[in-house]
Amino acid sequence: MSMMNRPLLISDLLEHGAAQHASTEVVSRETHGDLHRYTYADMAPRARQLANALVARGLKKGDVIGSIAWNNHRHLESYFGVSGTGMVMHTCNPRLHPSQLIYILNHAEDKVVLFDATFAPLVKGIAAHCPHVQLWVCLADGAHTPAIEGVSNVVAYEDLIAGQPTTFQWPELSENDGAALCYTSGTTGNPKGVLYSHRAIVLNAVSGCAPDVLGLSTRSVILPVVPMFHINAWCIPYAALVAGSKLVLPGPQLDGANLYNLMETEKVTISAGVPTIWLGLVQHLEQNNLQFSTMRCTAVGGTAMPKALIAKFGEKFNVEVRHGWGMTETTAVATMSNLSAADLDKPADERYAIIAKQGKTVAGIEIKCVDENGNTLPRDGVSQGELMVRGQWIVERYYKSDKSALVNGWFPTGDIATIDASGTMVIRDRTKDVIKSGGEWISSIDLENVAVGHPAVAMAAVIGVKHPKWDERPLLLIVTKPEQKLEKQEVLDFLSERVAKWWVPDDVIFVDTLPVGGTGKVQKNELRATYGSVFEASA
């Protein structure tokens, strides 16, 4: 061996950021509303204090430390202070049902749980059911730490780290040791845990700095709206330290007005989040006749972003959309869409259609589509089958499972997709959401994207509904924009001009809201439970 063999560790990301980008700011919206501002050089000693505090309480390598928290500076410190010691940072989604939260806290055997004061009522309800938790730490100072009835082992974060040394000798871990733990959203059955290694997180963080991924640099100001409890905010908190980018954390205030104000005052250049967030932001901009002064790019994932919304960002607000795909099992981003030099010369509608796709793999990731028998399908952009993925930061087995999650070395994603000759991938549907009508497949995602293109439609969801003749037929549910009126036939006529005749839904139902889960995705299982037999009932 002619080269040094140094492990890829999260503690090294912290120390790199503090040493090479010491004056770079972290701006954080506190849970109680104020803005907190400090630098990477300020953050690192506090992360070391947290490490010392945990070790002083007898916690050791492999112990799991949970968090139920927003995107803020104390949560950021814990990302590094916990994982750097060899302990495992377990970010919990507070939007899960309490029974699922209890399940994952017990399954992971969390010893300490960090929480924001917002979630004190949630802690009150679950604490008695989590016997492994020795300490509940409120991410606040003493003045903002509430007393929780029936929960005696609560301490303020600032009290926990007070007086601890600001130096810490980070252990020389294996890069394959567990660093962070995240559970799937658990729409069917219990959530499953994915234990990310130091290696997986560091590689993904470095890849996020590539020009055709997030393109982070010392000149970037990034605001991750995607929660730090959702796949580690797509590894953006780690990538920001790699690149030396200013990091803006929005806390709990994720409405359009607060996000816009934060973007403007902190001169944000790039953001990241799910489409539902951007829909609310655009509505705020349009209602108040506003424009961005510095925002020029946003990364979108979690679910498909409609081409109409991509076009609006580009044409009206001069913001480039980068459409990505990943899942809990892929650590963060696995594919990303963007425009090549040749694409820039294409008509606007073609450019937006390219961006609406899920794009090409990030270096280190491979994908393929297979049929029902596991045969690899051609890359012709038409043949659709289950998307399979493998690579440097893809899950091999779920946490505490002895059974491999792979099929012949590939992870089956549960997505139906196509891949074209250029390697560009398009998610057509989830295997559980694709509509099988008369032996043919209808993409619910494609139908939704077309429906949202109507100027009066705010949100749309399509589900397959049992049909006595065709097995399944599409049903369209629509939320209209405020003060907009829309008739069913108008919607059907709009779709008839844009999709195949047999794709046109058999009915349209107008609703006030759509059920959205903890990751911002519409909960189609709830819609199917409510509306799944409407066609049979009317037959």
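Numbers here are sequence positions counted from 1.
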Atom [atom1] in [X], atom [atom2] in [Y]: separation rounded to 0.5 Å?
X: C297; Y: L214; atom1: SG; atom2: CG; value: 7.5 Å
X: N93; Y: L101; atom1: CG; atom2: CG; value: 7.5 Å
X: W410; Y: K368; atom1: CH2; atom2: NZ; value: 5.0 Å
X: L96; Y: I104; atom1: CG; atom2: CD1; value: 5.5 Å
X: Q253; Y: N71; atom1: CD; atom2: CG; value: 12.5 Å
X: D506; Y: H467; atom1: CG; atom2: NE2; value: 5.0 Å

Distance-only, no hydrogens or angles: does the [X] side chain make a donor-acceptor pair with backbone N or O of [Y] under 3.5 Å?
X: T413; Y: L387; result: yes
X: N375; Y: D371; result: no
X: S337; Y: G359; result: no
X: N106; Y: H129; result: yes
X: R397; Y: A405; result: no
X: H90; Y: S67; result: no
X: T91; Y: C182; result: no
X: D380; Y: A421; result: no
X: T335; Y: Q358; result: yes
X: T330; Y: G326; result: no

Legend entry - Test: R322 and E320 ion pair at under 4.0 Å: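 Salt bridge present between R322 and E320.
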Nearest non-hydrogen partners of [X] and [Y], listed with the distance:
X: W393; Y: A363; value: CH2-O, 3.4 Å
X: N72; Y: M228; value: N-SD, 4.1 Å
X: T424; Y: K357; value: CG2-CD, 3.7 Å
X: I367; Y: M425; value: CD1-CB, 3.7 Å
X: V462; Y: K524; value: O-NZ, 3.2 Å
X: D343; Y: N338; value: OD2-O, 4.1 Å

Inset, instruction - Answer yes or no: does atom CD of Q484 have more than 12 heavy-atom neighbours from other residues, nucleotides or ligands under 6.0 Å? - result: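 Enclosed: over 12 neighbouring heavy atoms sit under 6.0 Å from CD of Q484.
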Legend entry - Flag if over 12 foreign heavy atoms under 6.0 Å of CG, N408: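 At most 12 heavy atoms, drawn from other residues, nucleotides or ligands, come within 6.0 Å of this atom.
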Inset, instruction - Fit a plane to each ring of F292 and Y260, take the angle between them on a 0 to 90° scale, and name the class: parallel (under 30°), tilted (30 to 60°) or perpendicular (over 60°). - result: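 Answer is tilted, since the angle falls between 30° and 60°.
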Legend entry - Parallel, tilted or perpendicular: ring planes of Y399 versus H107, cut at 30 and 60 degrees: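 Correct class here is perpendicular.
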Within the 4.5 Å heavy-atom criterion, are [X] and [Y] side-chain neighbours or not?
X: L216; Y: I270; value: yes
X: L447; Y: L476; value: no
X: T418; Y: S383; value: no
X: E386; Y: E372; value: no
X: E109; Y: K400; value: yes
X: T331; Y: C235; value: yes
X: D512; Y: V479; value: no
X: L247; Y: L76; value: yes

Inset, instruction - Evaluate the criterion side chain to side chain contact (heavy atoms under 4.5 Å, CB included) for residue pair I68 and D116; output intermediate values, then yes/no. - result: CA-CA 7 Å; I68 308 174; D116 273 321; over 6 Å; no
Inset, instruction - Please say whether the positively charged group of R528, taken as NZ for Lys or CZ for Arg, lies over the ring of Y531, i.e. under 6.0 angstrom from the six-membered ring centre and within 45 degrees of the axis. - result: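 No cation-pi geometry.
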Legend entry - Row check, Y398 ring normal vs K192 NZ/CZ: under 6.0 Å, within 45°: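 Yes.
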Inset, instruction - Could you please spell out the steps behind the side chain to side chain contact (heavy atoms under 4.5 Å, CB included) verdict for K485 and T480? - result: CA-CA 7 Å; K485 292 185 178 181; T480 58; over 6 Å; no
Inset, instruction - Give the C-alpha distance, both sets of side-chain angles, the deciding distance and a yes or no for side chain to side chain contact (heavy atoms under 4.5 Å, CB included) between L290 and F317. - result: CA-CA 9 Å; L290 299 170; F317 302 110; over 6 Å; no
Inset, instruction - Could you go through the salt bridge (Lys or Arg N to Asp or Glu O under 4.0 Å) check for D349 and K307 one step at a time? - result: CA-CA 9 Å; D349 193 59; K307 188 172 75 171; 3.2 Å; yes
Inset, instruction - Given side chain to side chain donor-acceptor pair (under 3.5 Å), test D415 with W325 step by step and report yes or no. - result: CA-CA 11 Å; D415 284 319; W325 171 83; 3.1 Å; yes
Legend entry - From CA spacing to verdict: side chain to side chain donor-acceptor pair (under 3.5 Å), N261, N258: CA-CA 5 Å; N261 289 337; N258 276 295; 5.1 Å; no
Legend entry - Candidate list Q489, E490, K488, test side-chain contact (heavy atoms from CB on, under 4.5 Å), partner V508, passing option: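 Looking at Q489, E490, K488, the match for V508 under the side-chain contact (heavy atoms from CB on, under 4.5 Å) is K488.
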Inset, instruction - Go through the steps for S404 and E396 under the test side chain to side chain donor-acceptor pair (under 3.5 Å), then give the verdict. - result: CA-CA 6 Å; S404 173; E396 193 278 326; 3.0 Å; yes
Inset, instruction - Could you walk me through whether H75 and F229 pass ring pair (Phe, Tyr, Trp, His ring centres under 6.0 Å), step by step? - result: CA-CA 10 Å; H75 201 184; F229 56 73; 7.9 Å; no
Inset, instruction - Could you give me the CA-CA distance, side-chain angles and deciding distance for N190 and Q100, then say whether side chain to side chain contact (heavy atoms under 4.5 Å, CB included) is met? - result: CA-CA 7 Å; N190 286 321; Q100 289 188 319; 5.8 Å; no
